[in-house]
K.L.:
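Take this structure, written in structure tokens, and hold onto it; I'll ask about it next.
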Amino acid sequence: MQPGVVFAQDYQYMCSEAGQNIIKDAIKTHGLTGVVVCSCSPRMHEATFRKAAAQAGLNPFMVEIANIREHCSWIHKDKEEGTEKACVLMRAAVAKVTLNAPLKAGESKVVKRALVIGGGIAGIQTALDIADAGFPVDIVEKNATIGGRMAQLDKTFPTLDCSSCILTPKMVEAKANENIRLITYAEVEEVSGFVGSFKAKIRKKARFVKEDVCTGCGVCMSKCPSKKGLNEFNMGLNNRSAIYIPFAQAIPNVAVIDKEQCIKLKTGKCGLCQKVCTAGAIDYTQQDEFIEEEYGAIVMATGFRPIDASKFDEYSYSTCKDVVTSLELERIMNAAGPTGGVLLRPSDGKHPHSIVFIQCVGSRDVSGRGKPYCSKICCMYTAKHAMLIRDKYPDVEVHVFYIDVRTPGKNFDEFYRRAAEQYDVDYIKGQVGKVYEENGQLVVRGVDLISNEQIVLNADMVVLATAIEPDPTARKVANMLTASIDTNDFITEAHPKLRPVESPTAGIFLSGVCQGPKDIPETVSQAGAAASKVIGLLAKDKLTTNPCVAHSDELLCNGCSCCEKVCPYSAISYETKLINDHGVKETRRVAMVNEALCQGCGACTVVCPSGAMDLKGFSNKQIMAEVDAICL
Amino acid sequence: MQRVSERVIARARELMREGTVNKVAGWKAGEFFYDCAPYVFESEESLKDLVYDRFCAANLSKYMIKNSVAAGAEGGKVLVLLKPCDTYSFNQLLTEHRIARENVYVLGVGCEGMCDIDRIREKGFKGITGVDENADGKTLTVHTLYGDGEVAIDDVLVNKCEFCKGKAHMIFDELISDNEDEGPRGDRFAGVRELEAMSPADRFAFWQSELSKCIRCNACRNACPACSCRKCVFDNDASGIASKANTDSFEEKMFHIIRAFHVAGRCTDCGECTRVCPQGIPLHLFNRKYIKDINEFYGEYAAGAEAGQRGPLINYTVDDIEPAAVSDKGGN
């Protein structure tokens, strides 16, 4: 037995009640001062075993886990070497536990208000559910209206109901709910604090229109002489005025001035909108405003965007106007879109007779140009587009190139089969190598893998099912919130299966596509799940804090500020005080840790040259003891 | 150098006489003319021993940690003579809040490179009794018991001056210098590149051989302005490191590597470690490796170029490079 170990027991299911009882009994019988459990990851059962120890009267922080599953048995094939490693890991944990000190968790307050970043369907649903439980919620949306991507969609699969018809009531509800504050045309600039007590600084960009005065009548838009701004809502397929309301159902239904396009703001001349506005809402002198607020929980609902199709030049997206992305087609098909819902090709406004869809543009792409993941929604929306076109314009031939058609979802496969079988959509298994223009006609060269033949098709339009990627703001927001992100910039869950709507950073929750590709029903259910987690948090009056925080040894501290500079939580400050260093009294600058802000990441302990900074529960000595146990 | 030297000494006396400062941190010749060691002069009278010549390579910045606080306590100020390269260290210490700036009067002194007596001896001179700088500013006349000889200054520079960072002072209250800044001299990373080109086994053997010369005299640590902890981890029994280094069969390796880690990102490449090493270990190569890596990963960074910098290794920003950058750049 290892030095210090007085009792060892092998039991297969230590996390079971019987297993826990073994631990409790051993603590009592042998008067144990520490417990090491050699088992799975501490992320699974550390809490279980700590609780068991506490019930037997031992400080819960005197329990250490040696992870011999994820760190050992699951990853090593050689059983003998694996066993040897398991023993080493056990020795390290025993070496550490002998240096453990009892720790006591403190308490912190819970601000009963939530922040939702992003006002798409995910953010709206989360906010509605939190608000319904009686807690105030702020939605911060970077655009001038809430609604997000869903507002741009025409119909939704697999039911083909109108997207805005189902979204608009939710938007109206969000506006009407007295617990919800909509902060649109705004971005979160800074976040500090921790679970239960975050502080956020929100920049509300100048609209140059007084939000509370504008009636949304739209006269300004019709009179505005600058009409060259690209209409973002219609994916740039047509233009809009410099002063604009993004779309008819926008919430808030308030105009906004695009300062890059506005003649008055650029040259000082014009001012037409101000003259025609009967409400007197126009204010060219408006400045960005800042809102500072405290929140108990923050939900990320930053959504997605389609990837840039011009990265895939073989499809000639940047050179041929009739090569469009699916989201662009969505706008072309929509009654409020640039063509009033009539299917016309962008180059000459003529009715197309043949349309080729190309799936997986940038999805499942390991070449590095695209994304390695499946964007999940493209098979279904392509089937939807194909079906809608065949339904409305039976004269149009529709071909779909696909790698696989993926339809897991309620009524999804039935939907796809209806497109292929009832609507005669020509599904071709294979990929497209090249799209080019020849004599005013698009030519699509691809391969049919089933007949193993090269195919050349003439097309009037080509539609690219572009992959989706996290909105570019996600990375910035995640960094601000210290929420971890994966290599694709999707926000990482605390556990992919068991905690899918929480970030590993306490108090940060995930809603919608920011976590991974999803369709609308999945987004809405996940949004509700995130809301329930937020409600669970906000319902508490106090939170227990993590006692594993950093502290500084005043006698060793140089006051050099290195720790302060690496601290991501701004938990370290300095004090100039009289220090009695073994009888020598000296005024020194020394570091102080705010235990409420410290998250125990340990960055300060690593950077401290003199070793003055140390982390409770993971002290330098404990780590060294573990290393020694492994290496010596 | 001679002319600057006279002006520097005269000005130091003047500042002391008029009461601007009550102490002067400079250099004092030892038993031999080339043994110029740091010294804090406390009276105008004592300043007769102040020297500033080709052998005043020691960096005085570190002495300001204690002396600036002490001067403040006495209600006075300390004058410190800083060569261009020394000012980087001074700034770095200001960044780390180690020097009470208000108690220090920085006299920037021009420098044309310091000479290494051992390199002069390597040129075949024995029984050296004195060295005079010739009027051309490029050669030295070496006086020996056996007659005079001449040597090119460029051939006998101390290591840090061979790779001079430049003649510009990064901080000063007053400047006495005739130098024009010609920028850095030589490729200071050439030695690092040679090491990088070695196989890991050869590199290990190189360091094993070099570091096994170490006698743990701690001269490098004592001279290093970045090694300024109130209590060094190696002197702290409670840290558990001191005894560890002793149990290792190759303790010096541990000491120097840990030291290099501790000063990484804070080292200004002042070269004192190598200069003071009695065993001639090229310790600066460790530090330059870190500096080179920092430059490559985070963009050019000179620790101490200004006070209040946030060095890339100890600065949390949301735009921080991802750890994958190491492998992206071919590292492992």
Side-chain angles (χ1 to χ4, degrees), chain A residues 99 189-191 475-482 484-487 489 553-570 572 574 576 579 581-582 584 586-591 601 603-604 606-612 614 619-625 627-628 631-632, chain B residues 65-66 69-70 72-73 92-100 221 224-245 247-249 258-267 303 307-320 322-324 328:
Chain A
L99 296 171
E189 290 256 306
E190 276 172 39
V191 176
R475 193 181 180 83
K476 191 178 141 210
V477 174
N479 276 328
M480 251 186 309
L481 302 176
T482 64
S484 34
I485 47 180
D486 67 19
T487 48
D489 282 5
D553 182 335
E554 289 180 344
L555 294 183
L556 292 176
C557 179
N558 296 324
C560 69
S561 276
C562 289
C563 54
E564 177 223 335
K565 286 172 185 158
V566 291
C567 178
Y569 307 100
S570 307
I572 299 169
Y574 288 84
T576 303
I579 305 286
D581 189 349
H582 303 91
V584 180
E586 217 179 355
T587 304
R588 291 182 186 174
R589 180 179 196 268
V590 289
C601 75
C604 54
V606 177
V607 83
C608 178
S610 64
D614 215 349
S619 69
N620 291 331
K621 269 192 142 172
Q622 285 175 300
I623 307 278
M624 291 287 274
V627 174
D628 279 354
C631 300
L632 295 181
Chain B
I65 296 175
K66 284 221 162 93
V69 176
Q92 182 62 29
L93 287 166
L94 285 179
T95 301
E96 294 174 11
H97 306 275
R98 302 306 303 280
I99 294 177
R221 188 182 80 176
C224 174
C227 264
S228 54
C229 286
R230 293 187 193 283
K231 186 166 197 174
C232 175
V233 285
F234 288 99
D235 296 342
N236 181 2
D237 296 339
S239 74
I241 292 172
S243 57
K244 195 128 298 138
T247 55
D248 192 272
S249 61
I258 291 175
R259 211 184 77 79
F261 268 106
H262 280 200
V263 302
R266 302 161 56 234
C267 166
Q309 281 169 304
R310 294 180 76 94
L313 288 188
I314 50 160
N315 187 23
Y316 170 78
T317 73
V318 290
D319 301 320
D320 274 351
E322 295 297 322
D328 290 348

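Protein chains get the first letters and strands the later ones, always in sequence-line order, with residue 1 at the start of each.
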K.L.:
Mind checking side-chain contact (heavy atoms from CB on, under 4.5 Å) for A/S610 and listing every partner two or more places apart, or none if nothing turns up?
P.N.:
A/L556, A/N558, A/C608, A/A612, B/C229
K.L.:
How long is the straight-line distance from SG of A/C567 back to CD1 of B/I314, given to the nearest 0.5 Å?
P.N.:
13.0 Å
K.L.:
Of the backbone (N, CA, C, O) and the side chain (C-beta and beyond), which part of A/T482 lies under 4.5 Å from a heavy atom of chain B, both, or neither?
P.N.:
side chain
K.L.:
Heavy-atom pairs under 4.5 Å with chain B: which of A/A603, A/G611, A/S619, A/C557 has the most?
P.N.:
A/C557
K.L.:
Indicate the atoms forming the closest heavy-atom contact of B/H97 with A/C560, along with that distance.
P.N.:
CD2-O, 4.1 Å
K.L.:
Which bit of B/S228 comes within less than 4.5 Å of chain A, counting heavy atoms only: side chain, backbone, both or neither?
P.N.:
backbone
K.L.:
Check A/K565 against B/T95 and note the closest heavy-atom contact, atom names and distance.
P.N.:
NZ-CG2, 3.4 Å
K.L.:
Just how far is it from atom CD of B/E96 to atom CZ of A/R589, taken to the nearest 0.5 Å?
P.N.:
10.5 Å
K.L.:
Sort B/R230 into side chain, backbone, both or neither according to what part of it lies under 4.5 angstrom from a heavy atom of chain A.
P.N.:
both
K.L.:
Measure distances from B/L313 to the heavy atoms of chain A and classify the residue's part below 4.5 Å as side chain, backbone, both or neither.
P.N.:
backbone
K.L.:
Which residues pass the side-chain contact (heavy atoms from CB on, under 4.5 Å) test with B/Q309, not counting sequence neighbours?
P.N.:
B/Q92, B/Y301, B/A305, B/E306
K.L.:
Could you have a look at A/E586, A/E564, A/R588 and say which one has the most heavy-atom pairs with chain B under 4.5 angstrom?
P.N.:
A/R588
K.L.:
Could you tell me the separation between the NZ atom of B/K231 and the CG atom of A/D581, rounded to the nearest 0.5 Å?
P.N.:
8.0 Å
